[in-house]
Amino acid sequence: MNILNEQDYYRIVYGGWLGKNIGGTLGAPVEGVKELLALTFYPELPDGPLENDDLDLQLVWLHALEQYGPGLTARELGQEWLDHIFFPFDEYGYALTNLRRGLLPPVAGWFNNPFTNCMGSPIRSEIWAMVTPGLPEKAAYYAYQDAIVDHAGGEGVYGEMFFAAIESAIFLEKDRDRLIDIGLSFIPADSRTYKAVQDLLRWHREGKSWTDARALILEHHGSDNFTDAPQNIAFTILGWLYGSDFGDAILKAVNCGYDTDCTAATLGAILGMLAGPEGLPEKWVKPVGDRVVVSPPINGFPAPKDLHELTCRTIRIGKQVLAGAEIDVIVHPQEPSRWERQEFSLQEIKPLWDRSATSNHYLLPQGTLQNPLLELILEYGAEGPVIGPNQTKSIQVTLVNRSTTAVRGRLSLDLPEGWKGPDCLEAAIEPNGNVEWAVNLQASASVGAWQELAILWTRIHDHAVWATEKVAFALLGASRWTVWGPGSSEGKEALFPGNRIEWEKVMDAEAEGAYRAATTLTNPSERQVRLIAAANCPVSLKLNGKTVIDCKQTLEFMPAYHRAPEDQRVELTLAAGAYEVEVTAFKNAAPLQVYVLPVATSNTTVPGACYYYTDMLFGIGSDAAGE
């Protein structure tokens with residue numbers, strides 16, 4: 001029997017949230033600075049905590065747990081993004097765009113997303129640990145469900161699982177090195193995150209100074225993108241290894257630079273959970289106080305007003321999670337904490353490491369949380385859930401019998417008008433057996449921004465229809481471009497699955513020189529548009545023959561809606577209609593990376609700044625269905 005004293009539970013959770021606010025407030029003003037810093041205290045002395053997405057998103061997850069219960073999955077978390085989160089930042093913006101077009105996690109978190117290796121998910125691990133005290137397996141599972149919404153297939157997933165396991169284990173283990181080992185056991189050894197942390201541990205044992213260790217992290221695991229997860233996770237652990245006390249630890253993490261609000265906030269939370277609120281220095285606590293500040297783009301739900309309310313609501317959900325856990329953990333108002341747990345099972349975690357980011361899993365009947373009758377798997381392949389006009393798309397459908405009895409029925413498709421697909425498939429499936437169905441779809445001549453389709457499972461008993469289950473899914477319209485290589489006069493037609501212009505799909509793109517691409521951009525209504533041509537080389541963009549972007553230098557590649565380089569974006573008013581777009585990229589030694597993005601400007605109020613215009617289409621007509 002494992003006992004968690006209720007007062008201990010409160011102080012660990014409260015200390016974690018307080019430490020999170022302290023670290024986020026320390027690091028936020030210098031976020032993105034890549035130089036070695038020399039801070040000794042808050043760079044801006046606050047009157048209360050600064051708003052920070054590190055905490056904002058976890059308030060939404062608390063609401064999700066309260067709304068959907070402990071059985072929530074990535075699907076419900078994706079719905080929370082649509083309902084309550086209007087951030088355009090990096091991976092957030094791309095995932096939200098995909099969710100708005102009908103995609104589901106993990107595909108929504110992977111498709112067309114160049115930021116899956118970043119820090120957006122590792123920063124929101126604490127809530128899962130706090131509702132799973134002493135159950136790092138469960139914390140890591142929740143963290144996976146969370147991270148695949150916007151980081152599927154990337155290092156961001158492993159970063160969140162790593163931190164969630166550490167923080168959950170804090171309830172029963174206080175030794176720093178043991179906690180780090182526990183966290184590492186929940187992520188694959190071949191991940192960049194695992195390697196970065198292991199190298200840091202070795203450099204620390206060898207006696208390297210913290211500044212030398214920082215330099216080695218950047219040399220071996222660094223990225224130009226300041227939000228890249230492995231380097232920042234290593235900086236977080238660096239502060240823990242080299243810090244002499246709470247303040248020194250979070251300062252060392254921040255003084256490494258890069259994603260400073262994230263590194264300090266996570267380390268502050270870890271140290272706050274270990275020490276409790278009474279163990280945090282008053283000089284760090286007093287400026288932030290106990291208020292909870294929520295960023296305006298996070299809205300539409302009852303956010304806690306202070307850390308006490310946040311702590312009580314967290315514990316209330318934690319008790320619900322513990323009530324359904326297979327491992328007995330009792331929250332007791334009087335008995336002292338006592339833990340018998342020493343080892344942790346990875347039986348349910350390791351399969352997640354290898355789960356495809358290009359497929360969606362559905363438990364049937366829909367709404368099932370566990371012990372389903374059937375599991376339906378849709379594998380979209382490397383191109384993702386995309387199809388072009390008159391194009392053929394192959395999807396692998398697998399139906400698995402998870403019940404204890406044989407089932408009989410047929411699989412069929414519900415297709416848009418004018419589309420073609422295979423005949424239905426008759427299936428008789430024994431328990432634990434499966435049937436595979438290679439579905440070849442052909443689109444009509446008119447494909448819009450997205451199109452809804454469905455797979456129907458019709459169960460048969462005694463040669464008669466018994467029941468039908470309909471599983472809806474979406475396919476997005478591919479972008480049609482004409483592309484040219486250096487010196488070529490004849491263009492080649494190409495369909496691209498996302499916003500990246502992939503010259504290498506239709507030609508040899510190794511040679512240096514000017515690569516061109518042309519298409520028609522259809523805008524359905526007059527609006528203010530931020531048009532971005534993000535590239536890792538000099539790039540220009542013409543609109544109806546007029547040059548509107550002319551970047552003559554090689555800049556840091558940053559295809560983000562809100563922070564693409566100024567020389568690679570333009571804001572203008574576009575009337576409704578079709579516009580000829582021509583992009584020229586001047587390739588140097590690096591492989592070409594060019595994204596073309598039509599997004600809202602930064603001065604919108606509803607639903608939020610710089611969201612993607614999903615109804616602006618590249619190379620397909622505005623009269624197409626599904627806009």
Side-chain angles (χ1 to χ4, degrees), residues 64-83 99 102-109 138 141-142 144-146 148-149 152 320-321 323-326 348 351-352 355-356 358-380 385 395-416 421-439 441 451-475:
L65 285 161
E66 294 172 335
Q67 179 170 343
Y68 296 105
L72 91 171
T73 67
R75 194 155 307 172
E76 289 76 38
L77 293 173
Q79 186 62 47
E80 290 287 286
W81 280 92
L82 289 170
D83 294 341
L99 291 164
L103 300 185
L104 297 175
V107 175
K138 189 71 173 174
Y141 175 81
Y142 275 135
Y144 172 85
Q145 295 294 328
D146 176 8
I148 63 173
V149 178
Q320 295 179 35
V321 173
E326 295 182 3
E348 294 186 6
L352 301 178
R355 178 167 282 194
S356 170
T358 62
S359 64
N360 284 130
H361 292 241
Y362 304 81
L363 300 183
L364 304 182
Q366 294 182 80
T368 300
L369 297 178
Q370 58 183 352
N371 300 322
L373 177 70
L374 301 166
E375 181 177 9
L376 181 70
I377 305 169
L378 272 62
E379 172 58 55
Y380 295 102
I395 298 175
Q396 183 68 35
V397 177
T398 304
L399 188 65
V400 185
N401 184 359
R402 299 296 187 192
S403 74
T404 59
T405 187
V407 295
R408 183 179 298 274
R410 62 174 175 265
L411 288 164
S412 59
L413 292 167
D414 185 359
L415 299 176
D423 295 333
C424 65
L425 176 71
E426 302 290 337
I429 317 174
E430 296 297 320
N432 298 315
N434 68 81
V435 62
E436 295 185 351
W437 189 26
V439 174
L441 299 169
Q451 196 79 51
E452 184 175 287
L453 301 83
I455 292 178
L456 305 178
W457 163 250
T458 303
R459 191 169 182 180
I460 305 295
H461 279 316
D462 194 27
H463 307 290
V465 172
W466 188 258
T468 299
E469 183 91 17
K470 182 176 182 179
V471 178
F473 65 99
L475 288 180

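Numbering of residues begins at 1 and proceeds along the displayed sequence.
The environment of Arg459 atom CZ is dense: over 12 non-hydrogen atoms of other residues, nucleotides or ligands sit within 6.0 angstrom.
Nearest heavy-atom pair across Ser412 and Cys424 is CB-CB, 3.8 Å. Shown here for Leu103 and Ala474, the closest heavy-atom pair between the two residues is CD2-O, 3.8 Å. Minimum interatomic distance between Pro105 and Leu99 (heavy atoms only, all atoms of both residues): CD-CD2, 4.1 Å. Minimum interatomic distance between Leu363 and Pro372 (heavy atoms only, all atoms of both residues): CD2-CG, 3.8 Å. Across all their heavy atoms, Pro70 and Val321 have their closest contact at CB-CG2, 3.8 Å. The two residues Lys470 and Ala454 make their nearest non-hydrogen contact at CE-CB, 3.5 Å.
Using a 4.5 Å heavy-atom cutoff, the side chains of Val471 and Gln366 are in contact. Between Val149 and Gln79 the shortest side-chain heavy-atom distance does not fall below 4.5 Å. With a 4.5 Å cut-off on side-chain heavy atoms, Ile429 and Val407 count as touching. In this structure, Tyr362 and Ile455 have side chains that are not in contact, with every pair of non-hydrogen atoms separated by 4.5 Å or more. Annotation: side chain of Trp457 is not in contact with side chain of Thr468 (no heavy-atom distance under 4.5 Å). Under the 4.5 Å side-chain criterion, counting only non-hydrogen atoms from C-beta, Tyr142 is in contact with Leu72. Contact check for Leu441 versus Ile395: side-chain heavy atoms found under the 4.5 Å cut-off. Taking the side chain as every heavy atom from C-beta outward, Leu374 and Asn401 approach each other to under 4.5 Å.
Within the model, atoms CG of Leu456 and CG of Leu413 stand 7.5 Å from one another, a figure rounded to the nearest 0.5 Å. Separation of atoms CZ (Arg408) and CG (Asp462) is listed at 11.0 Å; rounding is to 0.5 Å. The structure places CD of Glu76 at 10.5 Å from CG of Leu65, a figure rounded to the nearest 0.5 Å. The CZ atom of Arg355 sits 4.0 Å away from atom NE2 of His361, with the distance rounded to the nearest 0.5 Å. For the atom pair CG of Leu352 and OH of Tyr144, the computed distance is 5.5 Å after rounding to the nearest 0.5 Å. The structure places OG1 of Thr73 at 11.5 Å from CG of Asp146, a figure rounded to the nearest 0.5 Å.
Asn360 places no side-chain N or O within donor-acceptor distance of the main-chain N or O of Leu378, the cut-off being under 3.5 Å.
Ser356 and Thr358 form a side-chain donor-acceptor contact under 3.5 Å, judged by distance and modelled atom types alone.
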Please test Thr398 against Glu379 for side-chain contact (heavy atoms from CB on, under 4.5 Å), starting from the C-alpha separation and ending with a verdict.
CA-CA 8 Å; Thr398 304; Glu379 172 58 55; over 6 Å; no

Walk me through it: do Leu364 and Leu373 pass the test side-chain contact (heavy atoms from CB on, under 4.5 Å)?
CA-CA 6 Å; Leu364 304 182; Leu373 177 70; 5.6 Å; no

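Ring pair Tyr380/Phe473 is tilted by interplanar angle, where 30° to 60° counts as tilted.
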